[in-house]
Amino acid sequence: MKILVTGGAGFIGSNFVHRTLATRPDSAVTVLDALTYAGSMASLAGVEDRIRFVEGDVADEGLVDQLVGDADVVVHFAAESHNDNSLADPSPFIRTNLIGTFTLLEAARRHGVRYHHISTDEVYGDLDLDDPKKFTEDTPYTPSSPYSASKAGSDHLVRAWVRSFGLRATISNCSNNYGPRQHVEKFIPRQITNVIDGVRPKLYGDGLNVRDWIHVDDHNDAVWTIIDGGRVGETYLIGANGEMNNRDVIAMILEMMGQAPDAFDHVTDRSGHDRRYAIEAGKLRSELGWTPRYESFRDGLAATIEWYRDNESWWRPMKDATEAKYALTQKVVGR
Ligand code: NAD
Ligand code: DAU
């Protein structure tokens with residue numbers, strides 16, 4: 001199968017490429033990635049000579065048309081992905097997440113190519129901490145940030161292309177991923193690399209915000225399950241019952257790295273900070289038989305800490321610039 005993977009030099013996309021080549025060695029993988037601040041060829045180390053890598057923009061109509069026309073399936077990971085950045089400057093989010101998706105959809109329509117759209121649970125807004133409900137495929141869209149609004153818009157484009165043009169597309173909305181090769185701007189890698197550097201982890205607000213953690217390999221296995229057996233036009237939520245609040249995650253990281261569980265700083269909260277995400281993945285499990293392999297968040301987190309300890313050369317080049325950016329907007333407000 002000829003697969004076009006957009007954003008394959010980013011966190012989830014690069015793990016998708018590694019996993020695809022390990023589990024489906026006959027696949028012909030092309031990666032299209034603009035190598036923004038979030039993409040790195042180092043994330044494809046070990047597989048560079050088994051893939052075709054094209055440096056380019058998903059909003060480049062001519063390039064996208066040529067690459068999509070040569071593929072059996074497109075898996076669209078490329079995006080501006082970080083909420084904090086979208087608050088500082090929404091413009092690249094509109095261009096990449098909306099215009100980029102539109103460009104891919106038009107090419108997939110012209111060539112009749114199967115398309116899978118990678119999206120997020122953030123399109124559903126947030127839940128109260130004591131709400132017994134979780135997000136399902138029927139939850140109304142109420143995105144909070146420029147990032148999540150741009151992803152919500154891209155999902156709507158996909159649905160419209162299915163209904164109006166008969167595009168063979170599926171969508172998945174996944175919860176928070178963790179694992180190797182995640183940029184150090186994100187919560188878990190930021191805290192692990194802070195502790196390695198002797199810096200106290202940084203917690204936004206009261207830290208009671210809940211995220212529903214899933215290992216990146218479980219996400220990517222679910223994506224393949226949907227490409228293989230998902231019904232065209234359908235949306236599938238992906239999650240692994242991994243709800244934890246940020247305070248508890250930081251305490252776990254600190255304990256695993258030999259620090260006191262309260263050795264962190266409270267910093268300025270994120271504007272519009274979503275309180276809680278939680279996924280009900282019953283449709284994916286019952287209809288397609290998917291189950292997560294990583295049963296223990298603690299074990300997955302320990303392996304992730306080990307990965308960052310062993311791969312400082314991967315994250316060191318991005319650490320100072322990331323912290324310098326945060327220093328412009330975040331102040332320590334308590335210990
Ligand atoms: P990431 O920021 O680590 O990687 C994004 C990749 O896209 C980078 O390699 C970057 O260079 C590339 N890219 C950005 N703009 C581009 C453009 N215009 N043209 C081509 N390439 C471009 O992101 P991630 O965390 O791996 O997220 C991947 C996808 O998964 C996104 O669509 C995101 O919305 C979705 N998602 C992420 C999570 C999560 O927890 N990280 C959860 C659910 C869904
Ligand atoms: O839910 C899926 C989404 O998960 C994806 O769509 C996004 O691409 C991905 O970035 C992630 O979004 P979040 O905003 O939830 O992830 P982030 O890692 O930025 O933050 C996780 C939580 O931790 C959130 O409540 C904010 C908090 N936080 C974050 C950072 C960077 C902190 O308390 N301290 C920090 O330093």
Side-chain angles (χ1 to χ4, degrees), residues 5-16 31-41 43-44 54-60 63-64 75-87 92-93 95-97 99-101 103-104 117-124 126 135 143-145 147-148 150-151 154-155 172-179 181-191 194 201-214 216 219-220 223 238-239 244-247 249-250 264-270 273-279 322-323 326 330:
V5 181
T6 72
F11 165 46
I12 306 175
S14 66
N15 280 287
F16 182 83
V31 169
L32 171 61
D33 197 296
L35 295 180
T36 67
Y37 81 96
S40 167
M41 284 310 288
S43 295
L44 293 167
V54 179
E55 182 174 347
D57 191 330
V58 288
D60 178 338
L63 177 62
V64 163
V75 192
H76 179 35
F77 290 95
E80 287 291 336
S81 69
H82 194 41
N83 277 298
D84 293 321
N85 293 344
S86 80
L87 296 166
F93 290 75
R95 184 183 145 71
T96 291
N97 300 358
I99 307 293
T101 298
T103 307
L104 281 156
H117 188 69
I118 303 293
S119 194
T120 170
D121 59 358
E122 294 195 17
V123 299
Y124 300 115
D126 61 355
F135 299 140
S144 311
S145 72
Y147 161 69
S148 50
S150 68
K151 292 295 292 187
S154 72
D155 293 7
S172 53
N173 297 77
C174 188
S175 59
N176 284 64
N177 286 215
Y178 71 98
R181 306 183 192 90
Q182 186 170 29
H183 195 282
V184 296
E185 69 190 356
K186 302 297 197 304
F187 177 57
I188 286 179
R190 184 183 186 198
Q191 316 314 336
N194 276 350
K202 308 296 178 209
L203 188 67
Y204 293 180
D206 65 8
L208 297 181
N209 307 66
V210 169
R211 295 295 180 265
D212 189 352
W213 294 101
I214 181 172
V216 64
H219 179 183
N220 282 328
V223 169
I238 305 175
M244 269 186 84
N245 76 39
N246 296 337
R247 197 186 274 245
V249 173
I250 282 197
F264 61 84
D265 294 334
H266 289 273
V267 296
T268 329
D269 203 356
R270 173 184 285 170
H273 194 176
D274 280 338
R275 199 55 165 162
R276 171 174 163 245
Y277 306 141
I279 290 268
T322 302
E323 289 304 322
Y326 277 134
Q330 291 178 7

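The chain is numbered in sequence order, starting from 1. Numbering of ligands and ligand atoms starts at 1, following listing order.
Nearest non-hydrogen protein atom to atom 3 (O) of ligand 1 is F11 N, 3.0 Å. Atom 11 (O) of ligand 1 has D33 OD1, 2.6 Å as its closest protein atom, hydrogens excluded (heavy atom only). Among protein heavy atoms, the minimum distance from atom 18 (O) of ligand 2 is reached at F187 N, 2.9 Å. Of the protein's non-hydrogen atoms, S81 O, 2.8 Å is the one closest to atom 8 (O) of ligand 2. The protein atom (non-hydrogen) at minimum distance from atom 40 (O) of ligand 1 is N177 N, 2.9 Å. Among all non-hydrogen protein atoms, the one lying nearest atom 27 (C) of ligand 2 is N246 ND2, 3.4 Å. Closest to atom 36 (O) of ligand 2 among all protein heavy atoms lies R190 NH1, 2.8 Å. With hydrogens left out, the protein atom closest to atom 12 (O) of ligand 2 is E122 OE2, 2.9 Å, a heavy atom. Distance from atom 19 (N) of ligand 1 to its nearest protein heavy atom, with residue and atom name: V58 N, 3.0 Å. Atom 33 (O) of ligand 2 has its closest protein heavy atom at Y204 N, 2.9 Å. Atom 15 (O) of ligand 2 has its closest protein heavy atom at R211 NE, 2.8 Å. At the top of the distance list for atom 1 (O) of ligand 2, counting protein heavy atoms only, stands D121 OD1, 2.5 Å. The protein non-hydrogen atom at the shortest distance from atom 31 (C) of ligand 1 is F77 O, 3.1 Å. Among protein heavy atoms, the minimum distance from atom 38 (C) of ligand 1 is reached at I12 CD1, 3.5 Å. At the shortest separation from atom 30 (O) of ligand 1 among protein heavy atoms lies I118 CG2, 3.4 Å. Counting only heavy atoms of the protein, atom 23 (O) of ligand 1 lies nearest to S81 OG, 3.3 Å.
Here is the list of ligand 2 atoms found below 4.0 Å of a heavy atom in T120: 1 (O), 2 (C), 3 (C), 5 (C), 6 (O). For ligand 1, the atoms sitting less than 4.0 Å from at least one non-hydrogen atom of G10 are 3 (O), 4 (O), 6 (C), 8 (C), 9 (O), numbered in the order shown with element in parentheses. Each of the following atoms of ligand 2 lies closer than 4.0 Å to a heavy atom of N83: 12 (O), 13 (P), 14 (O). Atoms of ligand 1 found under 4.0 Å from any heavy atom of D57 (numbered from 1 in listed order, with element): 17 (C), 18 (N), 19 (N). Atom numbering of ligand 2 starts at 1 in the shown order; those under 4.0 Å from a heavy atom of Q191 are 34 (N), 35 (C), 36 (O). Taking every heavy atom of Y147 and a limit of under 4.0 angstrom, the matching atoms of ligand 2 come to 5 (C), 6 (O), 7 (C), 8 (O).
Residue G56 places a heavy atom less than 4.0 Å from ligand 1. Under the 4.0 angstrom criterion for non-hydrogen atoms, L35 is in contact with ligand 1. Ligand 1 has at least one atom lying under 4.0 Å from a heavy atom of K151. Contact analysis puts S175 in contact with ligand 1, with a non-hydrogen atom separation below 4.0 angstrom. Residue A9 places a heavy atom under 4.0 Å from ligand 1. Within the structure, ligand 2 has H273 among the residues with a heavy atom less than 4.0 angstrom away. Residue contacts with ligand 1 do not include Y37, since none of its heavy atoms lies under 4.0 Å from the ligand.
Taking the six-membered ring where the residue is Trp, F93 and Y147 present perpendicular rings, their angle passing 60° and hence far from 30°.
Close N/O approach between A78 and ligand 1 is not found [any backbone or side-chain N/O within under 3.5 Å]. The distance criterion of under 3.5 Å between nitrogen or oxygen atoms is not met by S119 with respect to ligand 1. Among the atoms of N176, none of the N or O lies under 3.5 angstrom from an N or O of ligand 1. Between G13 and ligand 1, no pair of N/O atoms sits closer than 3.5 Å. Residue-to-ligand polar distances keep Y326 apart from ligand 2: every N/O pair is separated by 3.5 Å or more. Looking at ligand 2, you'll find an N or O of K202 within less than 3.5 Å of one of its N or O atoms. At under 3.5 Å, not a single nitrogen or oxygen of L32, backbone or side chain, sits near a nitrogen or oxygen of ligand 1. Residue contacts with ligand 1: K186 is placed with no nitrogen or oxygen under 3.5 Å of a nitrogen or oxygen of the ligand (distance criterion only). Close N/O approach between T120 and ligand 1 is not found [any backbone or side-chain N/O within under 3.5 Å]. Considering both main-chain and side-chain atoms, C174 never comes within under 3.5 Å of ligand 1 through any nitrogen or oxygen pair. Residue Y147 has at least one nitrogen or oxygen atom sitting less than 3.5 Å from a nitrogen or oxygen atom of ligand 1, judged on distance alone.
Contacts between E185 and ligand 2, counted as non-hydrogen atom pairs separated by less than 4.0 Å, involve the backbone only. With a heavy-atom cut-off of 4.0 Å, N176 touches ligand 2 through backbone and side chain alike.
Closest approach of G10 to D33, counting heavy atoms only: N-OD2, 3.8 Å. For the pair T322 and E185, the tightest heavy-atom approach, listed with the atom from each and the gap, is CG2-CA, 3.6 Å. A pairwise comparison of heavy atoms in I279 and D121 identifies CD1-CB, 3.6 Å as the closest pair. Across all non-hydrogen atoms, the minimal contact from H117 to S154 is NE2-OG, 3.0 Å.
The residue from S154, S148, S40, A79 that puts a heavy atom closest to atom 5 (C) of ligand 1 is A79. Scanning E80, H82, K186, R270 for the heavy atom closest to atom 14 (O) of ligand 2 points to R270.
Ionic pairing of R275 and D206 is present here: one or more N-O contacts between side-chain nitrogen and carboxylate oxygen are shorter than 4.0 angstrom. The existence of a salt bridge linking D265 and K202 is confirmed by a sub-4.0 Å separation between a basic side-chain nitrogen and an acidic carboxylate oxygen.
When each of K186, K151, H183 is checked for a side chain to side chain donor-acceptor pair (under 3.5 Å) with S81, only K186 meets the rule.
Side-chain N/O atoms of D274 and N83 include no donor and acceptor closer than 3.5 Å.
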